[in-house]
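To start, the structure itself, in structure tokens.
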There are 2 protein chains.
Amino acid sequence: MSEALRPMVKSRLYEQVLERLRAYVGEAGLSAGDKLPAERDLAASLGVSRASVKQAIVVLEVQGLVEARHGGGTYLVRDTLDVEPVEQLVERRKRLPEVLEAREALETKLAELAAERRTDAELEDIRRALVLMEAEIAEGGFGVEGDRRFHAAVTAAAHSSLLADFMKTIAGQITESRNESLRQPGRPSRSLAQHTAIYEAIAAGDARKAASAMRKHVRTVAKVRLLTWVPED
Amino acid sequence: MSEALRPMVKSRLYEQVLERLRAYVGEAGLSAGDKLPAERDLAASLGVSRASVKQAIVVLEVQGLVEARHGGGTYLVRDTLDVEPVEQLVERRKRLPEVLEAREALETKLAELAAERRTDAELEDIRRALVLMEAEIAEGGFGVEGDRRFHAAVTAAAHSSLLADFMKTIAGQITESRNESLRQPGRPSRSLAQHTAIYEAIAAGDARKAASAMRKHVRTVAKVRLLTWVPED
DNA sequence: CCGGTCAAGTGGCTCAGCCACTAGGCCACC
DNA sequence: GGTGGCCTAGTGGCTGAGCCACTTGACCGG
């Protein structure tokens, strides 16, 4: 079998940049939230044009591994730039019921505490998250970012660092369920309504109402995700 | 809740281009294998720079929806530019065992027929696929393209349009299993060895040996894949 | 302490252009 | 006849320079 004239395998430049970036994040020990070097610096270091670096970053962006803030730098979303293999994804889905049970327990209590302890500033944060979610949906989005901030704000308003820590350990998996759940047809707007109910209960300082509204919300998400086909509402 | 000063939601230009491209493919009724307009033309039509069009195309490229040939144009891989939702992906995995059974039945027979009927030119095609796969692996890749071409070449060499049609209907799902299977550690090189055995049997015109080598190969793939999949329900 | 201004840093996007590769047509030579 | 060389147009790959928009933080005056 002649080796010399074997078919060529070409590769795009941005793919090589991608490889280098992954390696860099690993070697430099970067983790979620850390800032990547500026595009111009990366281009200079790698000896390629900024356009090629840009293409690589766009890829990472659509894969949800990186977040580019206009004028503010590019930041890591996770601790690595590796895409999750389907095997792990499926594995994680099997653990999802547990995560959602835990989420229900935690967030219900968090909503209750938030209703009792929130300051006006924290209430405003929650409201702003709600408004953002509304804006996202109005523009045809899914309201993912607004959803995320809403729950983060409620967690902050509960003033329980221990519960907050627990939430942090399942945050990644909640993110996944959020992304997928909100893509269900009609989900975003109904989700927005549930969030509004939670907000109003917290604003009114009604702890019981806040807890039950949050429980209903989390259970809805769980139902949708598990494809158990129990119609909502 | 004041509507006017709600938080802004920004969007990247390439995302809008992406949207337009998806819409265009739908409206123009393009299907797999069709050629997209040239980047320059797209940029001019959409009124954006070529760099932005490029970023959108890169996204489609990494999502496997499009194939850009240097100097030769950009072509659709599927009939649509929509990415497959996770729900569908999981659903499809449930059907995978059946697909692999069908694949075993079909490909075993195809290998047998290929050993008996292949012309020298077709044998050469098979060999070239093997060499490509080897090259890909040597360069650190998974040999996905070589694998694909190998099976396509064997199918062609069998001279059975009916079996070929059957293969076509499960081609998409086989592609998925190939991509995932070949990412297992050590899989590419072992897969290459199995392919080589199949090739040699076909070259020698040994139908029984070709069939059994192919059966062994397909079963290996099935095992790898099924190990990671425990049905949830 | 508050608010405003300013400059540096950085991502978003464009423009113009060169290079490399593909595909198809043409033609001379065997 | 067809094989190989050659040319040309079309197209993707990549670069470099540059402008704009946004973020951030420092500084300053009230």
Side-chain angles (χ1 to χ4, degrees), chain A residues 5-21 24 30 33-77 81 121 128 132 135 139 145 149, chain B residues 5-21 24 30 33-77 81 121 132 145:
Chain A
L5 38 75
R6 60 192 192 184
M8 305 287 298
V9 179
K10 303 137 201 167
S11 82
R12 311 273 104 101
L13 226 207
Y14 75 82
E15 289 177 343
Q16 298 181 40
V17 174
L18 233 24
E19 244 358 273
R20 296 297 194 93
L21 287 179
Y24 171 75
L30 299 186
D34 287 349
K35 187 174 170 182
L36 254 47
E39 295 182 0
R40 288 168 177 80
D41 295 345
L42 285 174
S45 301
L46 297 174
V48 303
S49 75
R50 211 181 135 203
S52 297
V53 170
K54 188 77 206 160
Q55 289 176 13
I57 289 182
V58 164
V59 170
L60 294 175
E61 213 175 356
V62 300
Q63 291 180 336
L65 299 172
V66 120
E67 180 188 348
R69 301 177 197 156
H70 189 176
T74 304
Y75 297 80
L76 273 184
V77 171
L81 290 183
R128 289 176 67 84
L132 170 61
E139 299 202 8
E145 181 60 16
R149 290 197 199 174
Chain B
L5 37 75
R6 57 191 196 186
M8 307 285 299
V9 178
K10 306 130 201 170
S11 82
R12 310 275 103 101
L13 225 206
Y14 75 83
E15 290 177 341
Q16 298 180 41
V17 174
L18 232 24
E19 237 8 84
R20 295 296 194 93
L21 287 179
Y24 172 75
L30 299 187
D34 287 349
K35 187 173 171 183
L36 254 46
E39 295 183 1
R40 289 169 176 79
D41 295 345
L42 285 174
S45 301
L46 298 174
V48 301
S49 76
R50 211 183 133 201
S52 296
V53 170
K54 188 77 205 160
Q55 289 176 13
I57 289 182
V58 163
V59 169
L60 294 173
E61 213 174 357
V62 300
Q63 291 179 336
L65 300 172
V66 120
E67 180 187 348
R69 302 177 198 155
H70 189 177
T74 304
Y75 296 81
L76 273 184
V77 170
L81 289 183
L132 170 60
E145 181 60 15

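Each chain gets a letter, A, B and so on, in the order the sequences are listed, and its residues count up from 1.
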Please report, rounded to the nearest Å, how far the [atom2] atom of [N] is from the [atom1] atom of [X].
X	N	atom1	atom2	answer
B/Glu61	D/dG12	CD	C1'	10 Å
B/Leu60	D/dG12	CG	P	13 Å
B/Leu42	D/dG12	CG	P	8 Å
B/Arg69	C/dA23	CZ	C1'	12 Å
B/Glu15	C/dC13	CD	C1'	14 Å

### Task
Quick one: list whatever passes salt bridge (Lys or Arg N to Asp or Glu O under 4.0 Å) with B/Glu39, sequence neighbours left out.
B/Arg50, B/Lys54
### Message
Can you list everything that forms a salt bridge (Lys or Arg N to Asp or Glu O under 4.0 Å) with A/Arg69? Sequence neighbours excluded, please.
### Response
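Checked A/Arg69 against salt bridge (Lys or Arg N to Asp or Glu O under 4.0 Å); matches are A/Glu67.
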Let's see if you can work this out: which of [options] has an atom nearest to the side-chain heavy atoms of [X]?
X	options	value
A/Ser52	C/dT14, D/dG12, D/dT15	D/dT15
A/Leu13	D/dC14, D/dG12, C/dC13	D/dC14
A/Arg12	C/dT10, D/dC14, D/dT11	D/dC14

### Message
On DNA chain D, compare the nucleotides closest to B/Leu36 and A/Tyr75; which residue's is nearer the 5' end?
### Response
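Counting from the 5' end, the first nearest nucleotide belongs to B/Leu36.
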#### Entry: Nearest-nucleotide comparison on DNA chain D, the residue closer to the 5′ end among A/Val53 and A/Gly72
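Closer to the 5' end of DNA chain D: A/Val53.
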### Query
Under the side chain to side chain contact (heavy atoms under 4.5 Å, CB included) test, which residues partner B/Leu46, sequence neighbours left out?
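B/Leu46 satisfies side chain to side chain contact (heavy atoms under 4.5 Å, CB included) with B/Val17, B/Arg20, B/Val48 only.
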### Non-neighbouring partners of A/Leu42 that pass side chain to side chain contact (heavy atoms under 4.5 Å, CB included), sequence neighbours left out
A/Leu21, A/Pro37, A/Val53
### Query
A/Glu19: what forms a side-chain hydrogen bond (donor to acceptor under 3.5 Å, both in side chains) with it, not counting sequence neighbours?
none
Distances under 3.5 Å between protein N/O atoms and the N/O atoms of nucleotides 16-21 of chain D, please, pair by pair.
residue: D/dG18; atom: O6; partner: A/Arg50; partner atom: NH1; Å: 3.3
residue: D/dA21; atom: N3; partner: A/His70; partner atom: NE2; Å: 3.2

#### Entry: A/Thr74 side-chain N/O to C/dG11 phosphate OP1/OP2 under 4.0 Å
yes
